[in-house]
Amino acid sequence: MACCTGRCTLILLCTLQLVAALERQVFDFLGYQWGPILANFLHIVVTILGLFGTLQYRPRYVIAYAIWAAIWVTWNVFLICFYLEVGDLNKESDLLTFHVSQHQSWWSEHGPGCVRKEAPVAGVVGLESHSYVSVIGCTVEYQYIEVMHSALQILLALLGFVYACYVTSVFTEEEDSFDFIGGFDPFPMYHVNEKSNQLLFKQTYLPA
């Protein structure tokens, strides 16, 4: 019963992580955030692997998921520090786009209550791409939205890590107990019958 409870909880956590990661991936694509896009893709793959391992009783896959959960927590802590500009980090930099473009988070211009206004740059004619974009009226600043996303990911990853360790220990104990009673012996009955036949053969040919 405990195994079922822990296993079902881990399945639920993996499902919630997939939904949250897919939602985040969509908005990172809209904002051309190539670093988070790559990280989200890896997270989705490993979470599916962990979900498969939980469903199919594969402890190695669950262990791989637990290791990735720790890495995922570290990544999201970095994102929180990045958007809150901890230390020398600057949320306006192009670090998350691998210095390919100057795009920022999609929420910076499309957050709750944000009004986006464009004004042409003075002295530039005929180039619509050269314009000054101002965003006003945002109810919540975009960096706090990103921080909330990362905080949710950290919470789910920590819970997933705890339950993955628990489920792995339960799977391992079950494997050990099953192996102890001969559950993994491919020919248990064959060995018993073989010994019985050998005893009967010896009894048959004992000298009178």
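What's counted below: heavy atoms across the whole structure, side chains too, no hydrogens, waters or symmetry copies.
With hydrogens and angles disregarded, a donor-acceptor distance shorter than 3.5 Å links the side chain of T9 to the backbone of T5. Q153 places no side-chain N or O within 3.5 Å of a backbone atom of N76 that could act as its donor or acceptor partner. Side chain of H43 to main chain of A39: no donor-acceptor pair is present (N/O by atom type, distance under 3.5 Å, no hydrogens or angles). Remark: the backbone N or O of A70 is paired with a side-chain donor or acceptor of T74 at under 3.5 angstrom. Between the S169 side chain and the Y166 main chain, a donor and an acceptor come within less than 3.5 Å of each other. The closest donor-acceptor contact from the side chain of Q33 to the backbone of Q104 lies under 3.5 Å. Counting only distance, with no hydrogens or angles, the side chain of E85 and the backbone of Y83 share no donor-acceptor pair below 3.5 Å. Between the side chain of R7 and the backbone N or O of T54 there is at least one donor-acceptor pair closer than 3.5 Å.
Tracing side-chain contacts under 4.5 Å through hydrophobic residues (I, L, V, M, F, W, Y), one reaches Y32 starting from I37; they form part of the same cluster. In this structure, V147 is a member of the same hydrophobic cluster as V140, with clusters built from ILVMFWY side-chain heavy atoms closer than 4.5 Å. Hydrophobic clustering (ILVMFWY, side-chain heavy atoms < 4.5 Å, transitive): L155 and L12 are in one cluster. Residues I71 and I154 fall within the same hydrophobic cluster, defined by Ile, Leu, Val, Met, Phe, Trp and Tyr side chains chained together at heavy-atom separations under 4.5 Å. Hydrophobic clustering (side-chain heavy atoms under 4.5 Å, transitive across Ile, Leu, Val, Met, Phe, Trp, Tyr) groups W107 together with M148.
Closest approach of I145 to P112, counting heavy atoms only: CD1-CD, 3.5 Å. Taking all atoms of both residues into account, the shortest heavy-atom contact from T97 to W34 is O-CD1, 3.5 Å. Of all the heavy atoms in V73 and A157, the pair that sits closest is CG2-CB, 3.6 Å. The shortest non-hydrogen separation linking Y142 to S105 is CD1-CB, 3.7 Å. For L156 against A20, the heavy-atom pair with the smallest separation is CD1-CB, 4.3 Å. Listed here is the closest heavy atom pair of A64 and V46: O-CG1, 4.1 Å.
In this structure, L10 and V62 have side chains that are in contact, with non-hydrogen atoms separated by less than 4.5 Å. Contact annotation: the side chain of T168 approaches that of T172 to within less than 4.5 Å [non-hydrogen atoms, C-beta and beyond]. When side chains are defined from C-beta on, L84 does not count as touching L89, because their heavy atoms never get closer than 4.5 Å. Within the 4.5 Å cutoff, the side chain of P36 has heavy atoms near those of the W75 side chain.
Atom CZ of F98 has more than 12 heavy atoms from other residues, nucleotides or ligands within 6.0 Å. More than 12 heavy atoms of other residues, nucleotides or ligands lie within 6.0 Å of CZ in F52, so this atom counts as buried by the packing criterion. Residue F27 places its CZ atom among more than 12 non-hydrogen atoms of other residues, nucleotides or ligands, all under 6.0 Å distant. Few gaps surround CZ on F82; more than 12 heavy atoms of other groups in view lie less than 6.0 Å from it.
Y163 contributes atom OH, which lies 13.0 Å from atom CD1 of I11 (distance to the nearest 0.5 angstrom). Rounded to the nearest 0.5 angstrom, C8 SG and L55 CG are separated by 9.5 Å. If you take CG on L22 and CD1 on I44, they are separated by 4.5 Å, rounding to the nearest 0.5 Å. To the nearest 0.5 Å, atoms CG (L49) and CZ (R58) are separated by 10.0 Å. We find the CG-OG1 distance between L16 and T47 to be 11.0 Å, quoted to the nearest 0.5 Å. Note that CD1 of I80 is 13.0 Å distant from CD of Q143, once rounded to the nearest 0.5 Å.
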request  = Before giving the answer on side-chain contact (heavy atoms from CB on, under 4.5 Å), spell out for R24 and S150 the whole-Å C-alpha distance, their side-chain angles and the decisive distance to 0.1 Å.
outcome  = CA-CA 10 Å; R24 193 178 192 180; S150 295; 2.8 Å; yes
**Prompt:** Could you go step by step and tell me if L79 and E146 meet the side-chain contact (heavy atoms from CB on, under 4.5 Å) rule?
**Reply:** CA-CA 8 Å; L79 288 179; E146 294 288 356; over 6 Å; no
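Aromatic rings from Y65 and W68 are positioned such that their centres are separated by 6.0 Å or more.
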